[in-house]
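Nothing fancy with the numbering, it's 1 onward along the sequence. All values below come from the heavy atoms of this structure, side chains included, with hydrogens, waters and symmetry mates left out.
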Amino acid sequence: MEIDWFDLFSTLLQIAVLVFAVLKIVPQMRRYGNSAILVFLLYAFICLLLSDIYWLSLGIVHPDKRLPFAISDVADIGEQLMLASALGVIFRGIKCRKRLELFLSIVASIGLIILWVVWTEEWTKNVLGGISYGYLIFMVVLAAKKTNAFSRREAIVVWFVSFVCLVLSYPLRWELVEAHLIQSIFFYTPMLILTIWFFYKSIVAVRVILKNKENRMENARRAISVSASTLVWIRCCAYVSDGLPFAIFDFVNTLIIPFILYSVLYHERARIEEALGEGGAAV
C-alpha cells in the first residue's frame with residue numbers, strides 16, 4: 001500500500017503542535033495553580049494527541065485495517081467533552097437565552113449522526129461521537145452568543161451554509177448525482193470561503209488581545225469563542241467531506257489550535273492576576 005505523504009505530514013504536524021501546546025500549558029499550571037480551565041484544555045489536547053498517535057501507529061502496523069470502534073474514537077470523544085467543559089467554565093458567569101441555539105445544535109448533531117451511520121454503517125462510534133460533538137457545538141455556539149463574537153447576520157449566514165452543505169452532502173455521499181463541478185461550486189466552495197473568513201475573524205480577535213490592554217477578560221473570551229467556532233466549523237467541513245477536501249480541512253484543523261491555546265492562556269493570566277489583585281482565589 002502506498003503511503004499518503006500529505007496525511008502523514010498532517011498527522012506529524014498536529015502531533016508536534018499538540019506536544020508544544022502541552023509543554024506550554026504545564027508551566028502555566030505550575031505557575032498559577034491548577035485551574036479547572038487549564039486542566040480541561042490539557043486533557044483535551046492529550047486526548048487528541050493520543051488519537052493521532054493511534055492513527056499513526058495503525059497506519060504503520062496495519063495500513064489496511066479499520067476498527068469500527070477504537071481507542072482513537074474514545075480519545076476523540078474525550079477531547080470534545082474536555083474542550084466543551086473548558087468553555088463551560090470560562091463562560092459560566094454569563095447568562096443568555098439558549099433555546100434556539102440548543103435546538104439548532106441538536107438538529108445539526110442528529111443530521112451528522114445520520115450521515116455518518118449511512119456513510120460508514122458504524123452505530124456505536126457515530127452515535128456516541130455525534131452526541132459528544134453535538135454538545136461541543138452547543139457550548140461553542142453559546143460562547144459565541146455570550147461574547148457577541150458574530151453579528152446576527154453573520155450567524156444566520158453560518159447556520160444557513162452549514163445546513164445547506166449538510167443537506168447537499170447526502171445525495172453526494174450516496175452518489176445519486178455525478179456532477180463534480182456542481183459539487184465543487186455549491187458544496188466545497190462555500191465551505192472554503194467561510195473557513196477563510198473564520199480564520200480572518202480569529203486573527204483579528206487575537207490581534208485585539210495583543211494591542212488592547214483594556215478589557216482583557218472580555219477580549220480574551222471573544223478570542224476564545226471565535227477560535228473555538230473556527231475549530232468546530234472546520235471539523236464540520238471535514239466530517240462531511242472525503243478525499244482531497246477532507247485532507248485539506250483536516251490539515252487546516254491543526255492551524256487553529258495555537259489560536260485556542262494562546263487565547264486560553266491569555267485569559268487565564270488575566271483572570272488570575274485580576275483575582276489576585278482583588279485578593280480573591282482563582283479556580
Side-chain angles (χ1 to χ4, degrees), residues 21 24-26 28-48 76-106 108-109 131-152 154-155 158-159 198 201-202 205-206 208-209 212 214-233 235 256-257 259-283:
K24 289 289 290 184
I25 293 175
V26 172
Q28 295 298 325
M29 293 175 61
R30 292 175 177 174
R31 180 177 180 183
Y32 295 113
N34 296 334
S35 75
I37 296 171
L38 290 182
V39 170
F40 284 136
L41 186 65
L42 177 64
Y43 285 157
F45 286 156
I46 289 177
C47 286
L48 189 55
D76 290 340
I77 292 174
E79 183 258 349
Q80 293 163 4
L81 293 178
M82 291 297 101
L83 185 56
S85 299
L87 294 174
V89 176
I90 293 172
F91 298 98
R92 65 184 174 185
I94 306 174
K95 306 297 182 181
C96 72
R97 298 181 63 180
K98 49 192 173 185
R99 293 181 181 179
L100 178 60
E101 289 73 20
L102 177 60
F103 172 75
L104 292 175
S105 299
I106 291 175
S109 178
I131 293 174
S132 63
Y133 188 62
Y135 177 57
L136 176 60
I137 291 176
F138 174 64
M139 296 304 294
V140 168
V141 171
L142 206 58
K145 182 176 182 179
K146 289 181 176 181
T147 58
N148 295 316
F150 307 99
S151 67
R152 182 176 179 82
E154 290 173 337
V158 171
W159 279 113
F198 266 110
K201 295 280 290 186
S202 299
V206 172
V208 170
I209 292 178
N212 192 350
E214 299 179 355
N215 303 320
R216 297 173 64 195
M217 293 286 291
E218 180 181 344
N219 293 333
R221 290 194 186 103
R222 183 175 293 108
I224 292 170
S225 64
V226 173
S227 56
S229 299
T230 304
L231 176 72
V232 166
W233 168 256
R235 289 187 178 181
I256 197 60
I257 293 176
F259 288 81
I260 298 175
L261 171 66
Y262 179 80
S263 300
V264 173
L265 290 180
Y266 184 90
H267 173 274
E268 285 303 275
R269 286 196 297 268
R271 182 180 67 86
I272 294 173
E273 288 172 4
E274 182 179 296
L276 294 176
E278 295 176 355
V283 179

* Shortest non-hydrogen contact from Ser229 toward Ala144 -> OG-CB, 3.9 Å

* Structure fact -> One should read off an interatomic distance between Tyr43 OH and Leu81 CG, to the nearest 0.5 angstrom, of 14.5 Å

* Asked: So, do Arg221 and Phe91 sit near enough that their side-chain heavy atoms are less than 4.5 Å apart?
  -> yes

* Between Ala149 and Lys201, which heavy-atom pair has the shortest distance, and what is it? -> O-NZ, 3.5 Å

* Applying side chain to side chain contact (heavy atoms under 4.5 Å, CB included), run through Ile257 and Phe45 and close with a yes or a no. => CA-CA 9 Å; Ile257 293 176; Phe45 286 156; 3.9 Å; yes

* Asked: Where do Ile25 and Val39 land on the side chain to side chain contact (heavy atoms under 4.5 Å, CB included) test, with the steps shown first?
  -> CA-CA 9 Å; Ile25 293 175; Val39 170; over 6 Å; no

* Structure fact -> Rounding to 0.5 Å, atoms CG (Leu265) and CG (Leu41) come to a distance of 7.0 Å

* Asked: In Å and rounded to the nearest 0.5 Å, what is the CH2 to CG distance from Trp159 to Leu104?
  -> 4.5 Å

* To do: Answer yes or no: is there a side-chain heavy-atom contact under 4.5 Å between Tyr133 and Val232?
  => yes

* Donor-acceptor contact below 3.5 Å, side chain Lys145 vs main chain Arg97 -> yes

* Closest non-hydrogen atom pair between Glu268 and Ser35, with its separation -> OE1-OG, 2.7 Å

* Would a distance-only check, ignoring hydrogens and angles, find a side-chain to backbone donor-acceptor pair under 3.5 Å from Ser225 to Arg222? -> yes

* Are the side chain of Asn219 and the backbone N or O of Glu214 linked by a donor-acceptor pair below 3.5 Å? -> yes

* To do: Identify whether the distance between the nearest side-chain nitrogen and carboxylate oxygen of Glu218 and Arg271 falls below 4.0 Å.
  => no

* To do: For residues Ile224 and Ile260, determine if any side-chain heavy atom of one lies less than 4.5 Å from a side-chain heavy atom of the other.
  => no

* Side chain proximity check, Phe138 to Leu142, heavy atoms < 4.5 angstrom -> yes

* Structure fact -> Rounded to the nearest 0.5 angstrom, the CG-CD1 distance for Leu42 and Ile37 is 13.5 Å

* Geometric cation-pi criterion, Arg216 with Tyr266: 6.0 Å, 45° -> yes

* Structure fact -> Output for pair (Lys98 NZ, Lys95 NZ), nearest 0.5 Å, gives 7.0 Å

* Asked: Taking side chain as C-beta onward, heavy atoms only, is Ile137 less than 4.5 Å from Ser109?
  -> no

* Given ring pair (Phe, Tyr, Trp, His ring centres under 6.0 Å), test Phe198 with Phe150 step by step and report yes or no. => CA-CA 10 Å; Phe198 266 110; Phe150 307 99; 5.7 Å; yes

* Calculate, to the nearest 0.5 Å, the distance between atoms CG and CD belonging to Leu136 and Glu79 respectively. => 7.0 Å

* Would you say the side-chain atoms of Ser227 and Ser202 include a donor-acceptor pair closer than 3.5 Å? -> no

